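Presented below is the structure to which this report refers.
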2 protein chains.
Amino acid sequence: MRAFWAQGYGGTSVADLVAATGINRGSLYSGFTDKRTLFLTALRHYDRVQREEFLARLARENPPREAILAAFAAAARSPDDTPPGCLLVNTALEVSPHDAEVRAVVNEALAGVEGFFADRLEALETGTGTRATVQALLGLFLGLRVLTRAGAPQSTREAVSAQVAEMLG
Amino acid sequence: MRAFWAQGYGGTSVADLVAATGINRGSLYSGFTDKRTLFLTALRHYDRVQREEFLARLARENPPREAILAAFAAAARSPDDTPPGCLLVNTALEVSPHDAEVRAVVNEALAGVEGFFADRLEALETGTGTRATVQALLGLFLGLRVLTRAGAPQSTREAVSAQVAEMLG
DNA sequence: ACTGATTTGGAACGAACGGTCAAACGCAAG
DNA sequence: CTTGCGTTTGACCGTTCGTTCCAAATCAGT
(Lines give C-alpha, C1' and ligand atoms only; values in the text may rest on other atoms or scores of the structure.)
Protein backbone atom coordinates (compact mmCIF):
# COMPACT_ATOMS: atom_id res chain seq x y z
CA MET A 1 0.00 0.00 0.00
CA ARG A 2 2.81 2.37 0.94
CA ALA A 3 4.42 1.83 -2.45
CA PHE A 4 1.26 2.70 -4.37
CA TRP A 5 0.71 5.62 -2.00
CA ALA A 6 4.16 7.05 -2.64
CA GLN A 7 4.59 6.31 -6.35
CA GLY A 8 1.12 5.83 -7.80
CA TYR A 9 -0.25 2.83 -9.67
CA GLY A 10 1.72 3.15 -12.89
CA GLY A 11 4.85 4.23 -11.06
CA THR A 12 4.97 1.12 -8.90
CA SER A 13 6.42 -1.97 -10.56
CA VAL A 14 5.77 -5.52 -9.44
CA ALA A 15 9.43 -5.65 -8.42
CA ASP A 16 8.76 -2.69 -6.09
CA LEU A 17 5.83 -4.56 -4.58
CA VAL A 18 7.95 -7.66 -4.02
CA ALA A 19 10.57 -5.53 -2.27
CA ALA A 20 8.02 -3.61 -0.21
CA THR A 21 5.99 -6.61 0.95
CA GLY A 22 8.72 -9.22 1.23
CA ILE A 23 6.33 -11.58 -0.54
CA ASN A 24 7.65 -13.30 -3.60
CA ARG A 25 6.47 -12.72 -7.14
CA GLY A 26 4.67 -16.00 -7.58
CA SER A 27 2.97 -15.82 -4.18
CA LEU A 28 1.81 -12.31 -4.99
CA TYR A 29 0.19 -13.54 -8.19
CA SER A 30 -1.35 -16.60 -6.52
CA GLY A 31 -2.82 -14.52 -3.71
CA PHE A 32 -4.06 -11.69 -5.93
CA THR A 33 -4.72 -12.36 -9.57
CA ASP A 34 -2.73 -9.50 -11.02
CA LYS A 35 -1.31 -6.07 -10.30
CA ARG A 36 -4.62 -4.31 -10.80
CA THR A 37 -6.46 -6.60 -8.36
CA LEU A 38 -3.70 -6.13 -5.82
CA PHE A 39 -4.04 -2.38 -6.26
CA LEU A 40 -7.79 -2.52 -5.72
CA THR A 41 -7.22 -4.51 -2.53
CA ALA A 42 -4.66 -1.99 -1.31
CA LEU A 43 -6.96 0.88 -2.22
CA ARG A 44 -9.88 -0.64 -0.29
CA HIS A 45 -7.58 -1.30 2.67
CA TYR A 46 -6.43 2.32 2.63
CA ASP A 47 -10.03 3.48 2.38
CA ARG A 48 -11.01 1.47 5.42
CA VAL A 49 -8.05 2.27 7.65
CA GLN A 50 -6.97 5.76 6.61
CA ARG A 51 -10.36 7.17 5.72
CA GLU A 52 -13.24 5.33 7.39
CA GLU A 53 -11.65 4.29 10.68
CA PHE A 54 -9.60 7.45 10.98
CA LEU A 55 -12.58 9.75 10.53
CA ALA A 56 -14.70 7.59 12.83
CA ARG A 57 -12.10 7.95 15.55
CA LEU A 58 -11.99 11.72 15.10
CA ALA A 59 -15.78 11.84 15.32
CA ARG A 60 -15.82 9.67 18.45
CA GLU A 61 -13.12 11.53 20.35
CA ASN A 62 -14.02 15.12 19.48
CA PRO A 63 -17.00 17.44 19.51
CA PRO A 64 -18.28 18.16 15.98
CA ARG A 65 -16.41 21.38 15.31
CA GLU A 66 -13.10 20.07 16.64
CA ALA A 67 -13.47 16.84 14.68
CA ILE A 68 -13.63 18.79 11.44
CA LEU A 69 -10.68 20.96 12.41
CA ALA A 70 -8.67 17.89 13.39
CA ALA A 71 -9.34 16.33 9.98
CA PHE A 72 -7.98 19.41 8.25
CA ALA A 73 -5.00 19.62 10.58
CA ALA A 74 -4.17 16.00 9.77
CA ALA A 75 -4.48 16.65 6.03
CA ALA A 76 -2.21 19.68 6.26
CA ARG A 77 0.49 17.71 8.02
CA SER A 78 3.02 15.60 6.15
CA PRO A 79 4.40 13.02 8.60
CA ASP A 80 7.78 11.42 8.09
CA ASP A 81 6.51 7.86 8.47
CA THR A 82 3.98 8.19 5.69
CA PRO A 83 4.03 9.30 2.05
CA PRO A 84 2.71 12.83 1.45
CA GLY A 85 -0.86 13.33 0.31
CA CYS A 86 -3.72 10.86 0.07
CA LEU A 87 -3.82 7.64 -1.95
CA LEU A 88 -7.49 8.13 -2.76
CA VAL A 89 -6.93 11.61 -4.19
CA ASN A 90 -3.86 10.51 -6.13
CA THR A 91 -5.87 7.62 -7.53
CA ALA A 92 -8.80 9.86 -8.40
CA LEU A 93 -6.55 11.76 -10.78
CA GLU A 94 -4.34 8.97 -12.10
CA VAL A 95 -6.62 5.97 -12.46
CA SER A 96 -10.26 7.04 -12.07
CA PRO A 97 -10.60 8.39 -15.61
CA HIS A 98 -9.51 5.05 -17.06
CA ASP A 99 -10.99 2.42 -14.72
CA ALA A 100 -14.65 2.25 -13.73
CA GLU A 101 -14.18 -0.12 -10.78
CA VAL A 102 -11.49 2.09 -9.27
CA ARG A 103 -13.64 5.13 -9.93
CA ALA A 104 -16.48 3.54 -7.98
CA VAL A 105 -14.25 2.95 -4.94
CA VAL A 106 -12.88 6.47 -5.07
CA ASN A 107 -16.25 8.14 -5.48
CA GLU A 108 -17.71 6.11 -2.65
CA ALA A 109 -14.83 7.21 -0.45
CA LEU A 110 -15.32 10.85 -1.41
CA ALA A 111 -19.00 10.49 -0.58
CA GLY A 112 -17.92 9.09 2.79
CA VAL A 113 -15.80 12.16 3.51
CA GLU A 114 -18.68 14.33 2.44
CA GLY A 115 -20.91 12.43 4.84
CA PHE A 116 -18.44 12.94 7.68
CA PHE A 117 -18.59 16.69 7.17
CA ALA A 118 -22.37 16.65 6.77
CA ASP A 119 -22.91 14.72 10.00
CA ARG A 120 -20.61 16.97 12.01
CA LEU A 121 -22.24 20.11 10.60
CA GLU A 122 -25.68 18.78 11.34
CA ALA A 123 -24.66 18.27 14.95
CA LEU A 124 -23.54 21.88 15.04
CA GLU A 125 -27.00 23.03 13.98
CA THR A 126 -25.73 26.20 12.38
CA GLY A 127 -29.01 26.63 10.56
CA THR A 128 -29.44 26.85 6.81
CA GLY A 129 -26.80 26.83 4.12
CA THR A 130 -25.44 23.57 5.47
CA ARG A 131 -25.53 21.75 2.14
CA ALA A 132 -23.37 24.38 0.46
CA THR A 133 -21.00 24.42 3.43
CA VAL A 134 -20.49 20.68 3.14
CA GLN A 135 -19.46 21.07 -0.48
CA ALA A 136 -17.09 23.86 0.45
CA LEU A 137 -15.48 21.72 3.14
CA LEU A 138 -15.04 18.83 0.73
CA GLY A 139 -13.49 21.11 -1.86
CA LEU A 140 -11.14 22.66 0.67
CA PHE A 141 -10.19 19.24 1.97
CA LEU A 142 -9.27 17.88 -1.45
CA GLY A 143 -7.44 21.09 -2.30
CA LEU A 144 -5.44 20.82 0.88
CA ARG A 145 -4.36 17.29 -0.01
CA VAL A 146 -3.18 18.52 -3.40
CA LEU A 147 -1.18 21.32 -1.79
CA THR A 148 0.38 18.91 0.68
CA ARG A 149 1.37 16.42 -1.99
CA ALA A 150 2.72 19.20 -4.21
CA GLY A 151 5.00 20.33 -1.42
CA ALA A 152 3.40 23.76 -1.06
CA PRO A 153 4.78 25.80 1.86
CA GLN A 154 3.42 24.96 5.30
CA SER A 155 2.09 28.49 5.67
CA THR A 156 -0.22 28.05 2.69
CA ARG A 157 -1.58 24.83 4.09
CA GLU A 158 -2.11 26.24 7.55
CA ALA A 159 -3.96 29.17 6.02
CA VAL A 160 -6.48 26.74 4.55
CA SER A 161 -7.00 25.14 7.93
CA ALA A 162 -7.38 28.57 9.49
CA GLN A 163 -9.97 29.52 6.90
CA VAL A 164 -11.98 26.44 7.85
CA ALA A 165 -11.93 27.50 11.49
CA GLU A 166 -13.23 30.88 10.44
CA MET A 167 -15.91 29.35 8.22
CA LEU A 168 -17.21 27.30 11.12
CA GLY A 169 -17.68 30.50 13.12
CA MET B 1 0.34 18.21 -24.42
CA ARG B 2 -3.10 16.67 -24.78
CA ALA B 3 -1.60 13.23 -24.36
CA PHE B 4 0.14 14.11 -21.09
CA TRP B 5 -3.00 15.93 -19.99
CA ALA B 6 -5.21 12.91 -20.56
CA GLN B 7 -2.90 10.10 -19.45
CA GLY B 8 -0.27 11.64 -17.20
CA TYR B 9 3.50 11.54 -17.58
CA GLY B 10 4.12 7.90 -16.84
CA GLY B 11 1.00 6.81 -18.69
CA THR B 12 2.05 8.43 -21.94
CA SER B 13 4.54 6.48 -24.04
CA VAL B 14 6.80 8.00 -26.65
CA ALA B 15 4.77 6.08 -29.24
CA ASP B 16 1.69 7.95 -27.99
CA LEU B 17 3.53 11.23 -28.42
CA VAL B 18 4.56 10.34 -31.97
CA ALA B 19 0.94 9.52 -32.79
CA ALA B 20 -0.43 12.62 -31.09
CA THR B 21 2.01 15.12 -32.57
CA GLY B 22 2.57 13.58 -35.99
CA ILE B 23 6.26 14.24 -35.42
CA ASN B 24 8.56 11.29 -35.85
CA ARG B 25 10.57 9.61 -33.15
CA GLY B 26 13.95 10.90 -34.28
CA SER B 27 12.76 14.45 -34.75
CA LEU B 28 11.16 14.40 -31.32
CA TYR B 29 14.46 13.42 -29.74
CA SER B 30 16.48 15.92 -31.76
CA GLY B 31 14.13 18.78 -30.92
CA PHE B 32 13.79 17.90 -27.24
CA THR B 33 16.46 15.90 -25.52
CA ASP B 34 14.27 13.25 -23.96
CA LYS B 35 10.78 12.49 -22.74
CA ARG B 36 11.21 14.42 -19.52
CA THR B 37 12.39 17.59 -21.28
CA LEU B 38 9.50 17.32 -23.71
CA PHE B 39 7.15 17.01 -20.77
CA LEU B 40 8.60 20.09 -19.10
CA THR B 41 8.11 22.02 -22.34
CA ALA B 42 4.53 20.83 -22.63
CA LEU B 43 3.90 21.67 -18.98
CA ARG B 44 5.23 25.20 -19.40
CA HIS B 45 3.18 25.61 -22.55
CA TYR B 46 0.06 24.51 -20.70
CA ASP B 47 0.91 26.86 -17.86
CA ARG B 48 1.17 29.79 -20.21
CA VAL B 49 -1.87 29.11 -22.38
CA GLN B 50 -4.33 27.37 -20.07
CA ARG B 51 -3.44 29.14 -16.85
CA GLU B 52 -1.73 32.49 -17.40
CA GLU B 53 -3.39 33.66 -20.59
CA PHE B 54 -6.75 32.15 -19.70
CA LEU B 55 -6.90 33.85 -16.31
CA ALA B 56 -5.64 37.12 -17.80
CA ARG B 57 -8.47 37.05 -20.32
CA LEU B 58 -11.03 36.41 -17.60
CA ALA B 59 -9.60 39.29 -15.60
CA ARG B 60 -9.67 41.61 -18.61
CA GLU B 61 -13.18 40.82 -19.75
CA ASN B 62 -14.98 40.63 -16.41
CA PRO B 63 -15.40 42.65 -13.25
CA PRO B 64 -13.51 41.10 -10.30
CA ARG B 65 -16.32 39.09 -8.79
CA GLU B 66 -17.49 37.71 -12.13
CA ALA B 67 -13.93 36.84 -13.12
CA ILE B 68 -13.57 34.60 -10.08
CA LEU B 69 -16.94 32.98 -10.69
CA ALA B 70 -16.06 32.41 -14.34
CA ALA B 71 -12.83 30.67 -13.32
CA PHE B 72 -14.77 28.28 -11.09
CA ALA B 73 -17.43 27.71 -13.71
CA ALA B 74 -14.71 26.79 -16.21
CA ALA B 75 -13.07 24.41 -13.72
CA ALA B 76 -16.39 22.72 -13.00
CA ARG B 77 -17.05 22.09 -16.67
CA SER B 78 -15.62 19.10 -18.51
CA PRO B 79 -15.63 19.99 -22.22
CA ASP B 80 -15.65 17.30 -24.89
CA ASP B 81 -12.71 18.75 -26.80
CA THR B 82 -10.38 18.66 -23.82
CA PRO B 83 -9.27 16.03 -21.29
CA PRO B 84 -10.97 16.34 -17.87
CA GLY B 85 -9.17 18.12 -15.05
CA CYS B 86 -6.01 20.18 -15.08
CA LEU B 87 -2.55 19.10 -16.21
CA LEU B 88 -0.89 21.17 -13.50
CA VAL B 89 -2.92 19.54 -10.73
CA ASN B 90 -2.42 16.07 -12.17
CA THR B 91 1.30 16.75 -12.35
CA ALA B 92 1.38 18.13 -8.82
CA LEU B 93 0.29 14.72 -7.56
CA GLU B 94 2.07 12.41 -9.98
CA VAL B 95 5.44 14.03 -10.61
CA SER B 96 6.02 16.86 -8.13
CA PRO B 97 7.05 14.59 -5.26
CA HIS B 98 9.81 13.04 -7.39
CA ASP B 99 11.13 15.89 -9.55
CA ALA B 100 12.32 19.23 -8.19
CA GLU B 101 12.27 21.08 -11.51
CA VAL B 102 8.70 20.01 -12.21
CA ARG B 103 7.76 20.91 -8.66
CA ALA B 104 9.10 24.41 -9.20
CA VAL B 105 6.97 24.93 -12.31
CA VAL B 106 3.88 23.59 -10.57
CA ASN B 107 4.33 25.66 -7.43
CA GLU B 108 4.95 28.80 -9.44
CA ALA B 109 1.73 28.13 -11.35
CA LEU B 110 -0.20 27.59 -8.12
CA ALA B 111 1.19 30.85 -6.81
CA GLY B 112 -0.03 32.48 -10.03
CA VAL B 113 -3.56 31.22 -9.43
CA GLU B 114 -3.36 32.42 -5.87
CA GLY B 115 -2.27 35.82 -7.19
CA PHE B 116 -5.21 35.91 -9.58
CA PHE B 117 -7.62 35.43 -6.70
CA ALA B 118 -5.75 37.90 -4.51
CA ASP B 119 -5.84 40.64 -7.16
CA ARG B 120 -9.53 40.19 -7.86
CA LEU B 121 -10.38 40.20 -4.17
CA GLU B 122 -8.32 43.30 -3.59
CA ALA B 123 -10.28 45.04 -6.31
CA LEU B 124 -13.45 44.05 -4.51
CA GLU B 125 -12.27 45.73 -1.32
CA THR B 126 -14.29 43.53 0.93
CA GLY B 127 -12.26 44.63 3.89
CA THR B 128 -10.26 42.34 6.18
CA GLY B 129 -9.95 38.59 6.09
CA THR B 130 -8.85 38.76 2.47
CA ARG B 131 -5.71 36.71 2.94
CA ALA B 132 -7.65 33.80 4.41
CA THR B 133 -10.28 34.09 1.70
CA VAL B 134 -7.60 33.78 -0.97
CA GLN B 135 -6.41 30.52 0.56
CA ALA B 136 -9.95 29.26 0.71
CA LEU B 137 -10.51 30.06 -2.95
CA LEU B 138 -7.32 28.29 -3.94
CA GLY B 139 -8.27 25.24 -1.91
CA LEU B 140 -11.75 25.15 -3.39
CA PHE B 141 -10.36 25.60 -6.88
CA LEU B 142 -7.95 22.68 -6.58
CA GLY B 143 -10.60 20.55 -4.96
CA LEU B 144 -12.97 21.29 -7.80
CA ARG B 145 -10.41 20.15 -10.34
CA VAL B 146 -9.98 16.90 -8.42
CA LEU B 147 -13.74 16.35 -8.39
CA THR B 148 -13.98 17.08 -12.10
CA ARG B 149 -11.18 14.69 -13.00
CA ALA B 150 -12.57 12.00 -10.72
CA GLY B 151 -15.89 12.17 -12.56
CA ALA B 152 -17.90 13.34 -9.55
CA PRO B 153 -21.52 14.17 -10.35
CA GLN B 154 -22.17 17.56 -11.93
CA SER B 155 -24.36 18.54 -8.98
CA THR B 156 -21.45 18.23 -6.56
CA ARG B 157 -19.27 20.39 -8.73
CA GLU B 158 -21.91 23.04 -9.21
CA ALA B 159 -22.44 23.15 -5.46
CA VAL B 160 -18.79 24.14 -5.04
CA SER B 161 -19.21 26.94 -7.55
CA ALA B 162 -22.36 28.05 -5.79
CA GLN B 163 -20.57 28.09 -2.47
CA VAL B 164 -17.95 30.42 -3.97
CA ALA B 165 -20.69 32.79 -5.12
CA GLU B 166 -22.05 32.79 -1.59
CA MET B 167 -18.60 33.33 -0.09
CA LEU B 168 -18.09 36.39 -2.24
CA GLY B 169 -21.30 37.82 -0.86
C1' DA C 1 21.75 19.22 -62.63
C1' DC C 2 24.99 18.24 -59.03
C1' DT C 3 26.67 18.21 -54.47
C1' DG C 4 26.99 18.85 -49.58
C1' DA C 5 24.30 19.68 -45.42
C1' DT C 6 20.03 18.81 -42.87
C1' DT C 7 16.01 16.68 -41.79
C1' DT C 8 13.24 12.71 -41.70
C1' DG C 9 11.67 7.77 -41.01
C1' DG C 10 11.72 3.60 -38.96
C1' DA C 11 14.55 -0.47 -37.72
C1' DA C 12 17.02 -1.99 -33.77
C1' DC C 13 18.91 -1.70 -28.96
C1' DG C 14 19.20 -2.95 -23.97
C1' DA C 15 16.45 -2.46 -19.97
C1' DA C 16 12.38 -3.00 -17.49
C1' DC C 17 7.74 -4.24 -17.53
C1' DG C 18 3.62 -7.55 -16.07
C1' DG C 19 2.85 -12.26 -15.94
C1' DT C 20 3.94 -17.60 -16.00
C1' DC C 21 5.82 -21.98 -14.64
C1' DA C 22 8.37 -25.98 -13.32
C1' DA C 23 11.58 -27.24 -9.99
C1' DA C 24 12.76 -27.05 -4.98
C1' DC C 25 11.18 -26.98 -0.51
C1' DG C 26 8.62 -27.84 4.08
C1' DC C 27 5.79 -30.72 6.45
C1' DA C 28 2.23 -33.83 8.07
C1' DA C 29 0.74 -38.73 7.62
C1' DG C 30 1.96 -43.50 7.35
C1' DC D 1 12.63 -42.78 6.65
C1' DT D 2 9.45 -42.41 2.93
C1' DT D 3 5.68 -40.56 0.66
C1' DG D 4 2.46 -37.17 -1.08
C1' DC D 5 0.90 -32.46 -1.28
C1' DG D 6 0.56 -27.49 -0.88
C1' DT D 7 3.51 -23.59 -0.86
C1' DT D 8 7.54 -20.86 -2.08
C1' DT D 9 10.82 -19.55 -5.23
C1' DG D 10 13.30 -17.10 -8.86
C1' DA D 11 14.40 -18.09 -13.57
C1' DC D 12 12.11 -17.17 -17.70
C1' DC D 13 8.52 -15.52 -21.23
C1' DG D 14 6.83 -12.15 -24.66
C1' DT D 15 5.91 -7.30 -24.78
C1' DT D 16 6.67 -2.61 -24.34
C1' DC D 17 9.44 0.96 -22.70
C1' DG D 18 12.83 5.09 -23.68
C1' DT D 19 16.56 5.85 -26.52
C1' DT D 20 19.93 5.48 -30.37
C1' DC D 21 21.37 5.39 -34.99
C1' DC D 22 21.87 5.14 -39.85
C1' DA D 23 20.09 5.12 -44.42
C1' DA D 24 16.86 7.50 -47.37
C1' DA D 25 14.75 11.71 -48.52
C1' DT D 26 14.74 16.65 -48.77
C1' DC D 27 16.55 21.01 -49.56
C1' DA D 28 19.99 25.06 -50.67
C1' DG D 29 23.65 26.93 -53.15
C1' DT D 30 26.18 26.98 -57.28
Side-chain angles (χ1 to χ4, degrees), chain A residues 1-47 83 85 87-106 149, chain B residues 1-47 83 85 87-106 149:
Chain A
M1 188 184 74
R2 295 297 187 93
F4 284 129
W5 191 352
Q7 317 172 42
Y9 174 71
T12 303
S13 70
V14 177
D16 291 336
L17 295 168
V18 170
T21 60
I23 303 174
N24 216 285
R25 231 183 167 74
S27 310
L28 227 51
Y29 274 89
S30 83
F32 316 87
T33 354
D34 56 9
K35 188 190 169 187
R36 181 177 165 277
T37 304
L38 174 52
F39 176 71
L40 270 167
T41 307
L43 186 65
R44 293 204 176 94
H45 177 72
Y46 178 96
D47 180 40
L87 176 60
L88 284 161
V89 176
N90 304 347
T91 302
L93 299 203
E94 183 194 352
V95 192
S96 268
H98 314 299
D99 189 316
E101 199 170 354
V102 167
R103 183 166 55 245
V105 174
V106 169
R149 174 97 177 165
Chain B
M1 187 184 74
R2 296 297 188 93
F4 284 130
W5 191 351
Q7 316 172 42
Y9 175 70
T12 303
S13 70
V14 176
D16 292 335
L17 295 168
V18 170
T21 60
I23 302 174
N24 216 286
R25 240 184 162 75
S27 312
L28 227 51
Y29 273 90
S30 84
F32 317 86
T33 343
D34 56 9
K35 186 188 171 189
R36 182 179 165 276
T37 304
L38 174 53
F39 176 71
L40 270 166
T41 306
L43 186 65
R44 293 203 176 96
H45 177 72
Y46 178 96
D47 180 39
L87 175 59
L88 284 161
V89 176
N90 303 348
T91 302
L93 299 202
E94 182 194 355
V95 191
S96 268
H98 315 300
D99 188 317
E101 200 171 352
V102 167
R103 184 167 55 245
V105 174
V106 169
R149 174 98 176 166

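Every value quoted in this text rests on a predicted model; they were computed, and no experiment measured them.
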CZ-OG1 distance between F32(B) and T41(B), expressed to the nearest 0.5 angstrom: 5.5 Å
Plane angle bin for F4(A) and Y9(A) - parallel if under 30°, tilted between 30 and 60°, otherwise perpendicular: parallel
Exam field: side chain T37(B) to backbone T33(B), donor-acceptor pair closer than 3.5 Å: no
Salt-bridge present (R44(B), E101(B); N to O < 4.0 Å): yes
Atom-to-atom span, CG of N24(A) to P of dG6(D) - whole angstrom: 20 Å
Value in whole Å for how far the C1' atom of dT20(D) lies from NZ of K35(B): 17 Å
Leading and trailing nucleotides of DNA chain C with any atom under 4.0 Å from heavy atoms of chain A: dC17(C) to dC21(C)
F32(B) CZ - dG18(D) P separation (whole Å): 16 Å
Touch class at under 4.0 angstrom, heavy-atom based, for T33(A) against every strand present: nothing
Nearest-angstrom distance from the residue atom CD of Q7(B) to C1' of dC17(D): 14 Å
Length of the line joining L28(A):CG and dA11(D):P, which is rounded to integer Å: 17 Å
Flag side-chain contact, heavy atom, 4.5 Å: M1(A) against L43(A): no
dT9(D) base / R25(A) side chain donor-acceptor hit below 3.5 Å: no
Worked verdict on S27(B) versus N24(B) for side chain to side chain donor-acceptor pair (under 3.5 Å): CA-CA 5 Å; S27(B) 312; N24(B) 216 286; over 6 Å; no
Closest-nucleotide ordering on DNA chain C, the 5'-leading residue of S27(B) and G10(A): S27(B)
Position toward the 5' end of DNA chain C (nearest nucleotide), A15(A) or G26(A): A15(A)
